[in-house]
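These numbers come from a predicted model, not from an experiment. The figures here come from the full heavy-atom set of this structure, side chains too, leaving out hydrogens, waters and symmetry mates.
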Amino acid sequence: MATTENKSYTKYIIGLWIIIAGPLVLLALLIVATSFGLFGSLPGFEELENPQSNLASEVYSSDQVLLGKYYFQNRSNIHFEELSPNVINALKATEDIRFEEHSGVDIRGLFRVLFKTIILRQSSSGGGSTITQQLAKNLYRTREAEEGSRTSNIAITKIKEWITATRLERNYTKNEIMAMYLNTVEFGSNAYGIKSASQTFFGKSPDSLLVPEAAVLVGLLKAPTYYSPVRNPKNSTERRNVVMGQMLKYDMLTRAEYDSLSQMPILLRFAAGTHNEGLAPSFREFLRLELAKWCKEHTKADGTSYNIYRDGLRVYTTINSRMQQYAEDAVTEHLTELQSVFFDHWKGRDPWGPHVEVLEQGMKRSDRYRLLKAEGASESEIKKAFDT
């Protein structure tokens, strides 16, 4: 009798261990197989050392003032030292509070997702992706590479992110990973990376961002359009306060600071970046044509030609920014007088007559129109913006 009970007990223990250890063994085998490339290639060491992203080329005056940019994506990289501590605190508090402790994958966070999000169905418990994993996804588009694949491949995609994240942690410092992440993310309104976003929304550099400004930008990362302070200020304010609430939770803000800052309106200095923005637009257009010739005649280390819209070139010119500003101010002043003469001459009459479609075509060809359209604005909203 006792022997039969012992055998049953032994079988029960073995079965329990199989149930517990089986998934772990399977996961370990999947990780090993993925790291050897059995489910598709992973970024090599050279790619990790030289991650690629579209960078705007910048044109500088002789007195080191930025005149303008050429870009597909309005993105300029920065170093960690150029970041405000407020940005770093807001990002850690919201996305990855144990950023300094893990090695790319937050095991504690994964268990939280398993029990709270999956088992207990608590959607507010947050995700398990670390900043490093999100960087891996942004740099190498591991999920996009699997787009259109079946649900069964989601596990492989996630494992690829884990492996790439741990490799990033081995090759870069925490400060470098933080800066790289903030350089790769999209903030909406044609602003890619924290440097462009800071300038676009607040007209300042990333090292000057105040707590509420940093919270607005970090809040944008969840959904750039839905939380846009330009298009959805109420949503943006609520999301900003959620980010600052996380900072309060982790003692990055005092209760008095949170209570005061959360009542403030969002103070924007919004200026959506366009190719025409900046000094000397006509000169920069001529320069663009010259640079296109230069790019065809010069090659990078890998043998490919340079691209002014992707390769982050820095172009230094003989233009003096102060003299250029004086010249443009003089033109503006003179044209203002001529505009008054124009209005007086055509008072009560339509100067465009039957050719009003010329204005509409010009509007629809502009960068401003395309940007508003991409953000989902209706024709009436766009017309109102141009009329204003």
Side-chain angles (χ1 to χ4, degrees), residues 54 56 59 66-76 186-193 196-204 213 216-217 220 223-237 265-289 309 324-325 327-388:
N54 292 332
V59 180
L66 179 64
L67 297 176
K69 301 178 181 180
Y70 307 112
Y71 54 82
F72 285 132
Q73 295 179 340
N74 185 16
R75 185 200 312 274
S76 299
E186 179 184 356
F187 292 87
S189 299
N190 201 31
Y192 296 83
S196 294
S198 301
Q199 191 63 47
T200 296
F201 290 101
F202 298 108
K204 57 174 61 177
E213 296 167 342
V216 167
L217 295 183
L220 278 169
T225 300
Y226 186 77
Y227 294 114
S228 169
V230 179
R231 298 198 60 208
N232 297 299
K234 182 180 178 182
N235 296 346
S236 181
T237 300
I266 297 176
L267 303 176
L268 294 177
R269 289 182 60 191
F270 180 74
T274 69
H275 292 281
N276 294 326
E277 185 180 86
L279 290 170
S282 298
F283 169 76
R284 285 187 283 112
E285 174 58 19
F286 175 81
L287 180 63
R288 183 184 67 83
L289 300 176
Y309 301 106
Q324 181 66 27
Q325 186 67 66
E328 292 187 16
D329 288 345
V331 170
T332 301
E333 182 181 356
H334 187 56
L335 285 179
T336 301
E337 296 172 1
L338 290 179
Q339 190 69 50
S340 298
V341 174
F342 176 85
F343 283 144
D344 290 340
H345 177 78
W346 289 99
K347 189 173 184 179
R349 295 181 293 162
D350 183 1
W352 305 107
H355 303 294
V356 68
E357 67 273 7
V358 174
L359 291 178
E360 293 185 1
Q361 290 173 5
M363 177 183 75
K364 291 182 178 180
R365 291 193 186 104
S366 69
D367 290 336
R368 184 182 181 191
Y369 179 89
R370 286 193 290 270
L371 178 61
L372 290 169
K373 199 73 174 174
E375 291 182 347
S378 65
E379 287 292 332
S380 60
E381 290 173 330
I382 295 176
K383 182 70 165 55
K384 182 179 179 181
F386 270 85
D387 288 344
T388 302

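Smallest separation of non-hydrogen atoms from Tyr71 and Tyr309: N-CD2, 3.6 Å. Smallest separation of non-hydrogen atoms from Pro229 and Leu268: O-CD1, 3.7 Å. Arg370 approaches Arg365 most closely through the heavy-atom pair NH1-O, 2.7 Å. Scanning both residues, Gly193 and Arg75, for their nearest heavy atoms gives N-NH1, 4.4 Å. When all heavy atoms of Ile266 and Pro233 are compared, the closest pair comes out as CD1-O, 4.3 Å. For the residue pair Leu220 and Phe187, the shortest heavy atom distance occurs at CD1-O, 3.6 Å.
Side-chain contact check for Val216 versus Ser236: some heavy-atom pair is nearer than 4.5 Å.
Expressed to the nearest 0.5 Å, how far OG of Ser378 lies from NZ of Lys373 amounts to 7.5 Å. One finds the OG atom of Ser282 at 12.5 Å from the CG atom of Leu287 (value rounded to the nearest 0.5 Å). Rounding to the nearest 0.5 angstrom, the gap separating the CG atom in Asp387 from the CE atom in Met363 is 8.5 Å. Summarising the geometry, atom OG1 belonging to Thr388 is positioned 10.0 Å from atom NZ belonging to Lys383; distances are rounded to the nearest 0.5 Å. For the atom pair CD1 (Ile382) and NZ (Lys364), the distance works out to 9.0 Å, reported to the nearest 0.5 Å. Rounded to the nearest 0.5 angstrom, Asn74 CG and Gln199 CD are separated by 9.5 Å.
In this structure, Arg368 satisfies the cation-pi test against Phe386, with its NZ or CZ atom closer than 6.0 Å to the six-membered ring centre and inside 45 degrees of the ring normal.
At a threshold of 4.0 Å, the pair Glu381-Lys384 does not count as salt-bridged, since none of the basic side-chain nitrogens sits closer than that to a carboxylate oxygen. Checked for salt-bridge contact, Asp344 and Lys347 miss the test: no charged N lies under 4.0 Å from a carboxylate O.
Looking only at distances, no side-chain donor or acceptor of Gln325 sits under 3.5 Å from a matching main-chain atom of Leu279. Side chain of Ser228 to backbone of Val230: a donor-acceptor contact under 3.5 angstrom is found.
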> Stepwise, does the ring-ring contact (aromatic ring centres under 6.0 Å, His included) test hold for Phe270 with Phe201?
Replying inline: CA-CA 4 Å; Phe270 180 74; Phe201 290 101; 5.6 Å; yes
